[in-house]
Amino acid sequence: MSELQAPRGTNDIYDEMMRSWEIIEDVIRQFMSVYHIGKMATPIFEHTEVFLRDNAASDVVNKEMYTFMDKGGRSLTLRPEGTAGLIRAVAQHKLYNNPEGLIKYYYIGPNFRYERPQKGRMRIHHQCGVEYIGVKNPIVDAEVIHLGVQLLQALGLDDFSVAINTLGDQASRDAYKEKLKEHFKPVVSELCTDCQRRYDQNPLRILDCKVDQEHDSFKELPKLSDSLNQTSKDYFKQVVDQLESLGVPVIISEKLVRGLDYYTDTVFEIISNSKEMGAQSTLLGGGRYDGLLEAMGGPAKSGIGFGMGIERLLVAAEALGITFDNQDSVDIYVLPLDNQDAYAHQVVTLLRQHGYVVEMDYANRSMKSKFKSAERLSAQAIMFIGENEANNNMVSIKNTITQQQTEIKLDQLIETIDADFNKEHDHHD
Ligand SMILES: [Zn+2]
């Protein structure tokens with residue numbers, strides 16, 4: 001029989017990679033807790049409509065979605081991004097009726113996109129995202145961007161640039177779209193078929209086209225900044241000023257428009273300066289969305305958020321030579337002797353119940369193999385449990401650092417080990 005393989009564009013995550021992954025998640029959890037941001041999990045598939053609302057012209061929606069009919073004849077889609085489902089949930093459960101005014105959630109989970117797999121950009125990739133909903137205030141924008149900056153710094157990925165732009169409010173955007181339509185009107189039939197669709201659905205998307213960048217009409221484009229009204233300009237200035245006072249230098253990048261349709265006002269990306277990252281250098285990106293909650297059936301309240309790809313972070317860490325402290329290790333390795341597996345296992349269970357990371361030899365291997373395991377797992381102590389220990393209700397334990405070996409009665413085991421580990425290794429809880 002031929003070997004089965006994971007589908008193209010998917011990864012199995014285990015061992016070292018999983019441990020790095022969990023370190024990243026721990027850092028994320030710590031930050032979210034300090035910022036008092038609750039976690040939300042939404043379904044990995046939604047009614048397809050959830051991803052079409054307010055976003056119908058984006059490439060993600062048009063080309064990359066895993067959409068299927070379920071057995072009840074409903075069109076469902078594996079989520080291509082995290083924000084839409086979360087905002088759908090906020091609307092559905094009326095979470096916006098929060099007395100604080102501002103509600104904050106984060107998520108970590110898989111996204112699905114049917115696209116050509118590349119390193120750090122797989123068909124299933126995992127994203128951590130943050131959404132702040134209900135208040136439109138420049139300090140909120142600054143806080144969300146600053147949170148992203150701090151997260152990356154805490155992970156050691158501190159060589160990056162923060163690019164920021166404003167798409168303006170709805171009125172500014174509409175004015176700009178009109179200008180773009182006027183601009184492309186004489187040449188629309190010369191553009192690619194995608195751009196012909198974009199021309200009607202959302203001419204802003206034409207600017208991202210990878211096919212038509214060399215077309216003459218791209219040489220002198222109307223500037224978004226010329227269409228911004230005063231409200232939008234003032235708002236953006238306050239965001240940038242606040243970021244600067246938080247110590248975050250930004251690069252204002254007029255070309256930055258982001259790939260999703262629902263963004264308004266502030267959009268941003270944090271981009272690795274590492275040359276090895278190449279086209280995959282965006283570590284984190286997001287923006288404000290004024291109309292999304294309303295499009296999901298909620299009130300007209302604004303939100304802002306970002307998404308950060310976990311696999312992308314791992315690739316970036318590798319490129320920068322950052323290794324997370326993720327060695328596979330245990331506190332105590334238990335070595336049963338004289339067929340005393342059962343008694344050894346009871347001791348192992350007792351230790352685990354007290355929070356120690358314990359491994360034992362279950363396979364009745366040679367002494368040499370057992371010692372090798374203890375060494376490979378950097379055990380701080382090795383416990384020997386043979387006939388003598390079993391008959392006397394005790395264990396023999398050897399400290400691998402001092403090489404000191406002692407016998408301990410079972411009813412004093414936890415007390416003794418607690419004292420030893422706390423004293424010498426500043427151990428658990
Ligand atoms: Zn095009």
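Computed over heavy atoms, backbone and side chain alike; hydrogens, waters and symmetry mates excluded. First listed ligand is number 1; within each ligand, the first listed atom is number 1. Nothing fancy with the numbering, it's 1 onward along the sequence.
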> Is it the case that Ser378 and Ser329 place a side-chain donor and acceptor less than 3.5 Å from each other?
Replying inline: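 Looking only at side-chain atoms, Ser329 and Ser378 do not form any donor-acceptor pair under 3.5 Å.
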
>> Can you see whether Thr264 engages Asp169 through a side-chain donor-acceptor pair at a distance of less than 3.5 angstrom?
In response: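 Short answer, no.
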
>> Tell me whether the rings of His126 and Trp21 are parallel (<30°), tilted (30 to 60°) or perpendicular (>60°).
In response: perpendicular

> Which class fits the ring pair Tyr262 and Tyr289: parallel under 30°, tilted 30 to 60°, perpendicular over 60°?
Replying inline: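 Perpendicular.
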
>> Below 2.8 Å, which protein N, O or S atoms neighbour the Zn ion (ligand 1), ignoring water?
In response: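 For the Zn ion (ligand 1), the protein N, O and S atoms that sit under 2.8 Å away are Cys192 SG, Cys195 SG, Cys209 SG, Asp212 OD2.
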
> Quick one: are Val240 and Glu244 in side-chain contact, heavy atoms under 4.5 Å?
Replying inline: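 Touching, per the 4.5 Å side-chain cut-off.
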
Would you give me the side-chain donor-acceptor pairs under 3.5 Å for residues 31-41, sequence neighbours excluded?
residue	atom	partner	partner atom	Å
Tyr35	OH	Gln150	OE1	2.5

